[in-house]
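Take a look at the structure below.
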Amino acid sequence: MNLVEVKNLKTYFYSDEGVNRAVDDVSFEIPEGKTVCIVGESGSGKSITSLSIMQLIDKPGKIVEGEIIFDGVDLLKQDENYIRGIRGSKISMIFQEPMTSLNPSYTVGFQIDEVLKLHHKELDKKGRYERAIEALELVGMPYPEEKYNEYPFKLSGGQRQRVMIAMAMACEPKLLIADEPTTALDVTIQAQVLDLMNKLQDKKGTSILFITHDLGVVAQMADEVVVMYRGHIVEKASAKELFEDPRHPYTKALLNSIPVPGKHKRKSRLDTVDENIDYLQFPKEIR
Ligand code: ADP
Ligand code: MG
(Lines give C-alpha, C1' and ligand atoms only; values in the text may rest on other atoms or scores of the structure.)
(Ligands and ions follow the chains in the order given, each with its own letter.)
Protein backbone atom coordinates (compact mmCIF):
# COMPACT_ATOMS: atom_id res chain seq x y z
CA MET A 1 0.00 0.00 0.00
CA ASN A 2 1.17 3.50 -0.82
CA LEU A 3 0.81 6.18 1.83
CA VAL A 4 1.65 8.91 -0.68
CA GLU A 5 1.24 9.13 -4.42
CA VAL A 6 2.70 12.18 -6.11
CA LYS A 7 1.35 12.44 -9.64
CA ASN A 8 2.61 14.77 -12.36
CA LEU A 9 3.57 17.45 -9.89
CA LYS A 10 4.65 20.78 -11.35
CA THR A 11 5.87 23.56 -9.07
CA TYR A 12 7.11 26.68 -10.83
CA PHE A 13 8.65 29.97 -9.72
CA TYR A 14 7.71 33.10 -11.58
CA SER A 15 9.90 36.19 -12.01
CA ASP A 16 10.55 38.96 -14.51
CA GLU A 17 13.19 36.73 -16.07
CA GLY A 18 10.64 34.04 -16.76
CA VAL A 19 9.51 30.74 -15.33
CA ASN A 20 11.78 28.49 -13.28
CA ARG A 21 10.37 24.97 -13.58
CA ALA A 22 11.75 23.86 -10.23
CA VAL A 23 9.69 20.67 -10.20
CA ASP A 24 8.52 19.65 -13.63
CA ASP A 25 6.19 16.69 -13.97
CA VAL A 26 7.36 14.55 -11.10
CA SER A 27 5.61 11.32 -10.09
CA PHE A 28 6.57 8.84 -7.38
CA GLU A 29 5.11 6.83 -4.51
CA ILE A 30 5.94 6.40 -0.84
CA PRO A 31 4.88 2.94 0.39
CA GLU A 32 3.67 2.51 3.97
CA GLY A 33 6.50 1.92 6.42
CA LYS A 34 9.22 2.39 3.80
CA THR A 35 11.90 4.97 3.17
CA VAL A 36 12.10 6.75 -0.16
CA CYS A 37 15.21 8.83 -0.77
CA ILE A 38 15.26 11.71 -3.22
CA VAL A 39 18.82 12.23 -4.35
CA GLY A 40 20.28 14.84 -6.67
CA GLU A 41 22.61 17.78 -6.74
CA SER A 42 21.90 21.13 -5.18
CA GLY A 43 19.13 22.97 -7.04
CA SER A 44 17.62 19.84 -8.61
CA GLY A 45 14.22 20.40 -6.95
CA LYS A 46 14.40 18.07 -3.94
CA SER A 47 13.33 20.57 -1.29
CA ILE A 48 10.65 22.11 -3.48
CA THR A 49 9.20 18.62 -4.04
CA SER A 50 8.95 18.02 -0.28
CA LEU A 51 7.65 21.51 0.45
CA SER A 52 5.01 20.92 -2.23
CA ILE A 53 3.81 17.81 -0.38
CA MET A 54 3.55 19.93 2.80
CA GLN A 55 1.98 22.75 0.74
CA LEU A 56 4.52 25.22 2.00
CA ILE A 57 5.13 26.86 -1.37
CA ASP A 58 4.83 30.63 -1.24
CA LYS A 59 4.87 33.29 -3.93
CA PRO A 60 6.57 33.63 -6.37
CA GLY A 61 6.25 29.84 -6.33
CA LYS A 62 3.11 27.95 -7.23
CA ILE A 63 1.99 24.35 -7.57
CA VAL A 64 0.57 24.58 -11.07
CA GLU A 65 -0.46 20.99 -11.70
CA GLY A 66 -0.60 17.54 -10.26
CA GLU A 67 -2.02 15.43 -7.48
CA ILE A 68 -0.64 14.66 -4.05
CA ILE A 69 -2.62 11.72 -2.73
CA PHE A 70 -2.00 11.26 0.99
CA ASP A 71 -3.83 8.42 2.71
CA GLY A 72 -6.30 8.36 -0.16
CA VAL A 73 -7.01 12.10 -0.18
CA ASP A 74 -5.74 14.60 -2.78
CA LEU A 75 -4.15 17.30 -0.62
CA LEU A 76 -4.21 19.79 -3.48
CA LYS A 77 -8.02 19.71 -3.42
CA GLN A 78 -8.34 20.40 0.34
CA ASP A 79 -8.65 23.74 2.10
CA GLU A 80 -6.05 25.40 4.31
CA ASN A 81 -7.68 24.13 7.52
CA TYR A 82 -7.43 20.52 6.45
CA ILE A 83 -3.78 20.95 5.49
CA ARG A 84 -2.97 22.69 8.76
CA GLY A 85 -4.52 19.76 10.62
CA ILE A 86 -2.30 17.31 8.77
CA ARG A 87 0.95 19.27 9.09
CA GLY A 88 2.79 18.32 12.23
CA SER A 89 0.34 15.55 13.09
CA LYS A 90 0.13 13.13 10.17
CA ILE A 91 3.13 14.64 8.39
CA SER A 92 6.19 15.94 10.27
CA MET A 93 9.28 17.54 8.87
CA ILE A 94 12.90 17.74 10.04
CA PHE A 95 15.22 20.27 8.50
CA GLN A 96 18.97 20.56 8.13
CA GLU A 97 19.85 23.12 10.78
CA PRO A 98 18.18 22.35 14.09
CA MET A 99 19.30 25.63 15.69
CA THR A 100 17.02 27.54 13.34
CA SER A 101 14.07 25.26 14.06
CA LEU A 102 14.47 25.18 17.84
CA ASN A 103 13.72 28.45 19.57
CA PRO A 104 16.83 29.50 21.55
CA SER A 105 14.72 31.34 24.16
CA TYR A 106 12.83 28.32 25.43
CA THR A 107 13.90 25.09 27.07
CA VAL A 108 13.87 21.83 25.16
CA GLY A 109 11.06 20.55 27.39
CA PHE A 110 8.91 23.62 26.82
CA GLN A 111 9.19 23.19 23.07
CA ILE A 112 8.34 19.49 23.10
CA ASP A 113 5.44 20.31 25.42
CA GLU A 114 4.08 22.86 22.92
CA VAL A 115 4.08 20.21 20.18
CA LEU A 116 2.31 17.72 22.43
CA LYS A 117 -0.28 20.33 23.51
CA LEU A 118 -1.11 20.91 19.88
CA HIS A 119 -1.34 17.28 18.80
CA HIS A 120 -2.24 15.34 21.92
CA LYS A 121 -5.08 17.30 23.46
CA GLU A 122 -6.08 14.19 25.43
CA LEU A 123 -2.92 14.38 27.57
CA ASP A 124 -2.75 16.44 30.77
CA LYS A 125 0.41 18.20 32.00
CA LYS A 126 1.79 15.09 33.71
CA GLY A 127 0.93 12.90 30.70
CA ARG A 128 2.71 15.31 28.38
CA TYR A 129 5.80 15.34 30.61
CA GLU A 130 5.93 11.56 30.63
CA ARG A 131 5.46 11.44 26.86
CA ALA A 132 8.25 14.02 26.36
CA ILE A 133 10.71 12.06 28.52
CA GLU A 134 9.74 8.88 26.69
CA ALA A 135 10.38 10.61 23.34
CA LEU A 136 13.79 11.84 24.52
CA GLU A 137 14.66 8.33 25.74
CA LEU A 138 13.51 6.90 22.43
CA VAL A 139 15.98 9.08 20.53
CA GLY A 140 18.79 8.02 22.85
CA MET A 141 19.19 11.32 24.66
CA PRO A 142 21.43 10.92 27.71
CA TYR A 143 19.92 12.21 31.00
CA PRO A 144 16.52 13.05 29.47
CA GLU A 145 15.08 14.62 32.67
CA GLU A 146 18.01 17.03 32.85
CA LYS A 147 18.00 17.80 29.12
CA TYR A 148 14.29 18.55 29.35
CA ASN A 149 15.16 21.67 31.34
CA GLU A 150 18.09 22.78 29.20
CA TYR A 151 18.17 25.52 26.58
CA PRO A 152 19.09 24.45 23.01
CA PHE A 153 22.51 26.17 23.04
CA LYS A 154 23.64 23.89 25.88
CA LEU A 155 23.19 20.87 23.62
CA SER A 156 25.56 19.56 20.96
CA GLY A 157 24.52 19.63 17.29
CA GLY A 158 23.76 15.92 17.39
CA GLN A 159 21.66 16.32 20.54
CA ARG A 160 19.69 19.21 19.02
CA GLN A 161 18.96 17.10 15.97
CA ARG A 162 17.80 14.30 18.29
CA VAL A 163 15.43 16.77 19.96
CA MET A 164 14.04 17.68 16.53
CA ILE A 165 13.51 14.01 15.74
CA ALA A 166 11.93 13.48 19.18
CA MET A 167 9.54 16.38 18.48
CA ALA A 168 8.74 15.08 15.02
CA MET A 169 8.14 11.54 16.29
CA ALA A 170 6.17 12.66 19.36
CA CYS A 171 3.33 13.48 16.97
CA GLU A 172 3.49 9.88 15.71
CA PRO A 173 3.22 11.03 12.10
CA LYS A 174 2.42 8.64 9.29
CA LEU A 175 4.98 10.41 7.16
CA LEU A 176 8.27 11.93 8.25
CA ILE A 177 9.93 14.22 5.74
CA ALA A 178 13.61 14.72 6.48
CA ASP A 179 15.37 17.29 4.31
CA GLU A 180 19.15 16.85 4.61
CA PRO A 181 18.71 16.33 8.36
CA THR A 182 22.25 15.18 9.03
CA THR A 183 24.26 17.29 6.60
CA ALA A 184 25.52 19.62 9.35
CA LEU A 185 26.57 16.76 11.65
CA ASP A 186 29.89 14.97 11.83
CA VAL A 187 30.06 11.50 10.32
CA THR A 188 29.80 9.51 13.58
CA ILE A 189 26.83 11.47 14.88
CA GLN A 190 25.25 11.32 11.43
CA ALA A 191 25.47 7.52 11.47
CA GLN A 192 23.84 7.45 14.91
CA VAL A 193 20.99 9.72 13.88
CA LEU A 194 20.32 7.69 10.71
CA ASP A 195 20.38 4.46 12.70
CA LEU A 196 17.93 6.01 15.13
CA MET A 197 15.53 6.99 12.36
CA ASN A 198 15.63 3.45 11.01
CA LYS A 199 14.89 2.02 14.47
CA LEU A 200 12.01 4.44 15.07
CA GLN A 201 10.61 3.50 11.68
CA ASP A 202 10.72 -0.20 12.56
CA LYS A 203 8.97 0.47 15.86
CA LYS A 204 6.25 2.81 14.59
CA GLY A 205 5.85 1.83 10.94
CA THR A 206 6.47 5.41 9.82
CA SER A 207 7.00 6.17 6.15
CA ILE A 208 10.01 8.38 5.53
CA LEU A 209 10.78 10.73 2.65
CA PHE A 210 14.48 11.34 3.01
CA ILE A 211 16.16 14.06 0.99
CA THR A 212 19.89 14.06 0.50
CA HIS A 213 22.64 14.80 -1.99
CA ASP A 214 24.76 12.08 -0.35
CA LEU A 215 24.67 8.60 -1.91
CA GLY A 216 26.30 7.13 1.19
CA VAL A 217 23.25 8.24 3.16
CA VAL A 218 21.00 6.76 0.46
CA ALA A 219 22.75 3.42 0.88
CA GLN A 220 22.10 3.47 4.62
CA MET A 221 18.47 4.64 4.47
CA ALA A 222 16.65 3.92 1.25
CA ASP A 223 14.22 1.22 0.25
CA GLU A 224 13.38 3.13 -2.91
CA VAL A 225 15.36 5.87 -4.64
CA VAL A 226 14.22 8.76 -6.79
CA VAL A 227 17.01 10.51 -8.70
CA MET A 228 16.27 14.14 -9.55
CA TYR A 229 18.05 16.31 -12.07
CA ARG A 230 17.00 19.85 -12.99
CA GLY A 231 13.43 19.45 -11.80
CA HIS A 232 12.92 16.04 -13.41
CA ILE A 233 13.11 12.46 -12.22
CA VAL A 234 15.68 10.70 -14.40
CA GLU A 235 15.56 7.35 -12.60
CA LYS A 236 13.50 5.52 -10.02
CA ALA A 237 14.66 2.21 -8.60
CA SER A 238 14.96 0.13 -5.48
CA ALA A 239 18.15 0.91 -3.56
CA LYS A 240 19.57 -2.48 -4.55
CA GLU A 241 18.86 -1.96 -8.26
CA LEU A 242 20.23 1.54 -8.20
CA PHE A 243 23.59 0.63 -6.72
CA GLU A 244 24.01 -2.67 -8.58
CA ASP A 245 22.66 -1.64 -11.95
CA PRO A 246 22.30 2.12 -12.43
CA ARG A 247 20.71 2.77 -15.82
CA HIS A 248 20.63 6.50 -16.45
CA PRO A 249 23.89 8.26 -17.41
CA TYR A 250 23.23 10.87 -14.72
CA THR A 251 22.83 8.19 -12.03
CA LYS A 252 26.03 6.56 -13.23
CA ALA A 253 27.82 9.89 -13.05
CA LEU A 254 26.53 10.48 -9.52
CA LEU A 255 27.67 7.01 -8.44
CA ASN A 256 31.08 7.61 -9.98
CA SER A 257 31.44 10.81 -8.02
CA ILE A 258 31.49 8.93 -4.69
CA PRO A 259 35.03 8.46 -3.40
CA VAL A 260 35.73 4.73 -3.21
CA PRO A 261 37.23 3.69 0.15
CA GLY A 262 40.78 2.43 -0.29
CA LYS A 263 41.24 4.21 -3.62
CA HIS A 264 42.92 7.42 -2.65
CA LYS A 265 43.68 8.57 -6.14
CA ARG A 266 41.67 11.62 -7.05
CA LYS A 267 38.91 10.94 -9.51
CA SER A 268 39.39 12.35 -12.96
CA ARG A 269 37.05 15.14 -13.92
CA LEU A 270 35.34 12.92 -16.45
CA ASP A 271 34.11 10.64 -13.70
CA THR A 272 32.31 13.35 -11.78
CA VAL A 273 29.00 14.90 -12.76
CA ASP A 274 29.85 17.11 -15.70
CA GLU A 275 28.06 20.43 -15.77
CA ASN A 276 28.57 20.69 -19.51
CA ILE A 277 26.44 17.64 -20.17
CA ASP A 278 22.69 18.05 -20.41
CA TYR A 279 21.56 14.76 -18.94
CA LEU A 280 17.98 15.42 -20.02
CA GLN A 281 19.03 14.53 -23.57
CA PHE A 282 19.09 10.85 -22.50
CA PRO A 283 15.88 8.84 -22.24
CA LYS A 284 14.55 8.63 -18.70
CA GLU A 285 15.14 5.25 -17.11
CA ILE A 286 12.17 5.13 -14.83
CA ARG A 287 11.68 1.50 -13.86
P1 ADP B 1 17.45 21.27 -3.90
O2 ADP B 1 16.67 21.10 -2.63
O3 ADP B 1 17.46 20.05 -4.75
O4 ADP B 1 18.83 21.78 -3.66
P5 ADP B 1 15.41 23.25 -4.46
O6 ADP B 1 14.25 22.36 -4.47
O7 ADP B 1 15.63 24.07 -3.24
O8 ADP B 1 16.74 22.39 -4.78
O9 ADP B 1 15.35 24.25 -5.68
C10 ADP B 1 14.92 23.88 -6.96
C11 ADP B 1 14.86 25.11 -7.85
O12 ADP B 1 13.89 26.01 -7.36
C13 ADP B 1 16.17 25.87 -7.93
O14 ADP B 1 16.36 26.29 -9.25
C15 ADP B 1 15.93 27.05 -7.03
O16 ADP B 1 16.66 28.17 -7.47
C17 ADP B 1 14.44 27.29 -7.21
N18 ADP B 1 13.89 27.95 -6.01
C19 ADP B 1 13.79 27.40 -4.77
N20 ADP B 1 13.22 28.25 -3.89
C21 ADP B 1 12.95 29.38 -4.60
C22 ADP B 1 12.36 30.64 -4.27
N23 ADP B 1 11.92 30.91 -3.03
N24 ADP B 1 12.26 31.55 -5.26
C25 ADP B 1 12.68 31.29 -6.51
N26 ADP B 1 13.23 30.13 -6.89
C27 ADP B 1 13.37 29.18 -5.95
MG1 MG C 1 17.27 21.44 -0.65
Side-chain angles (χ1 to χ4, degrees), residues 4 6-28 30 35-66 68 75-76 87 91-101 157 161 164-165 168 175-185 190 193-194 197 208-218 220-222 224-237 242 248 250-251 253-255 257-258 272-280 284 286:
V4 181
V6 176
K7 296 183 185 172
N8 307 104
L9 177 69
K10 297 183 182 177
T11 306
Y12 295 172
F13 286 90
Y14 297 87
S15 70
D16 293 343
E17 277 101 74
V19 183
N20 178 353
R21 295 178 168 79
V23 174
D24 203 7
D25 202 6
V26 158
S27 303
F28 65 95
I30 309 174
T35 299
V36 174
C37 281
I38 304 183
V39 67
E41 291 167 290
S42 177
S44 55
K46 306 183 297 295
S47 293
I48 297 302
T49 299
S50 67
L51 291 171
S52 298
I53 294 175
M54 292 284 274
Q55 308 218 5
L56 291 171
I57 301 294
D58 290 320
K59 279 184 178 167
K62 190 175 177 342
I63 298 177
V64 295
E65 217 181 290
I68 295 168
L75 296 184
L76 297 183
R87 249 185 245 141
I91 309 179
S92 286
M93 223 169 159
I94 316 172
F95 298 97
Q96 181 174 337
E97 200 8 88
M99 209 50 191
T100 57
S101 316
Q161 198 58 305
M164 291 310 298
I165 294 173
L175 175 66
L176 180 65
I177 299 179
D179 190 347
E180 312 256 6
T182 56
T183 305
L185 304 177
Q190 166 172 298
V193 172
L194 296 180
M197 290 178 70
I208 300 178
L209 180 63
F210 198 104
I211 290 171
T212 180
H213 63 273
D214 182 340
L215 279 160
V217 172
V218 175
Q220 197 178 336
M221 297 301 288
E224 303 289 329
V225 189
V226 168
V227 183
M228 280 192 80
Y229 173 73
R230 294 191 189 168
H232 297 271
I233 294 177
V234 293
E235 182 157 2
K236 269 190 290 199
L242 191 96
H248 196 276
Y250 179 72
T251 313
L254 264 188
L255 284 167
S257 68
I258 314 180
T272 58
V273 178
D274 190 337
E275 286 180 10
N276 297 317
I277 298 177
D278 176 9
Y279 287 95
L280 295 179
K284 290 179 194 164
I286 296 176

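Remember, it's 1-based here, ligands and their atoms both numbered in the order they're listed. Predicted model only: the values in this text are computed from it and were never measured.
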Near the Mg ion (ligand 2), is there an N/O/S atom from S42 that is less than 2.8 Å away? no

The atoms of ligand 1 lying under 4.0 Å from a heavy atom of S44, numbered in the order shown, are 1 (P), 3 (O), 8 (O)

Evaluate the ring planes of Y279 and H248, with Trp represented by its six-membered ring, and classify them as parallel (under 30°), tilted (30 to 60°) or perpendicular (over 60°). tilted

[X] N/O to ligand 1 N/O under 3.5 Å:
{"X": "G45", "answer": "yes"}
{"X": "K46", "answer": "yes"}
{"X": "I48", "answer": "yes"}

If you compare all heavy atoms of S27 against all heavy atoms of K236, which two are closest, and at what distance to 0.1 Å? O-NZ, 2.7 Å

Tell me, which protein residue and heavy-atom name are nearest [atom], and how many Å apart are they?
{"atom": "atom 7 (O) of ligand 1", "answer": "S47 CB, 3.7 Å"}
{"atom": "atom 17 (C) of ligand 1", "answer": "N20 ND2, 3.5 Å"}
{"atom": "atom 12 (O) of ligand 1", "answer": "A22 CB, 3.2 Å"}
{"atom": "atom 24 (N) of ligand 1", "answer": "F13 CD2, 3.4 Å"}

Ignoring hydrogens and angles, tell me if any N or O in the side chain of R87 forms a donor-acceptor pair with the backbone of M54 under 3.5 Å. yes

Could you tell me whether a side-chain N or O of K46 sits under 3.5 Å from a main-chain N or O of E41, the two making a donor and an acceptor? yes

Can G43 be said to touch ligand 1, with heavy atoms closer than 4.0 Å? yes

Looking at V218, V226, I211, which one forms a side-chain contact (heavy atoms from CB on, under 4.5 Å) with C37? V218

Separation between CG (D214) and OG1 (T183), nearest 0.5 Å, reads 7.5 Å

So how far is it from F210 CZ to I30 CD1, rounded to the nearest 0.5 Å? 13.5 Å

Part of T49 with heavy atoms under 4.0 Å of ligand 1, whether side chain, backbone, both or neither: neither

Region of E41 that comes within reach of ligand 1 [heavy atoms, distance under 4.0 Å]: backbone

Do K62 and Y14 have side chains that get closer than 4.5 Å, going by heavy atoms? yes

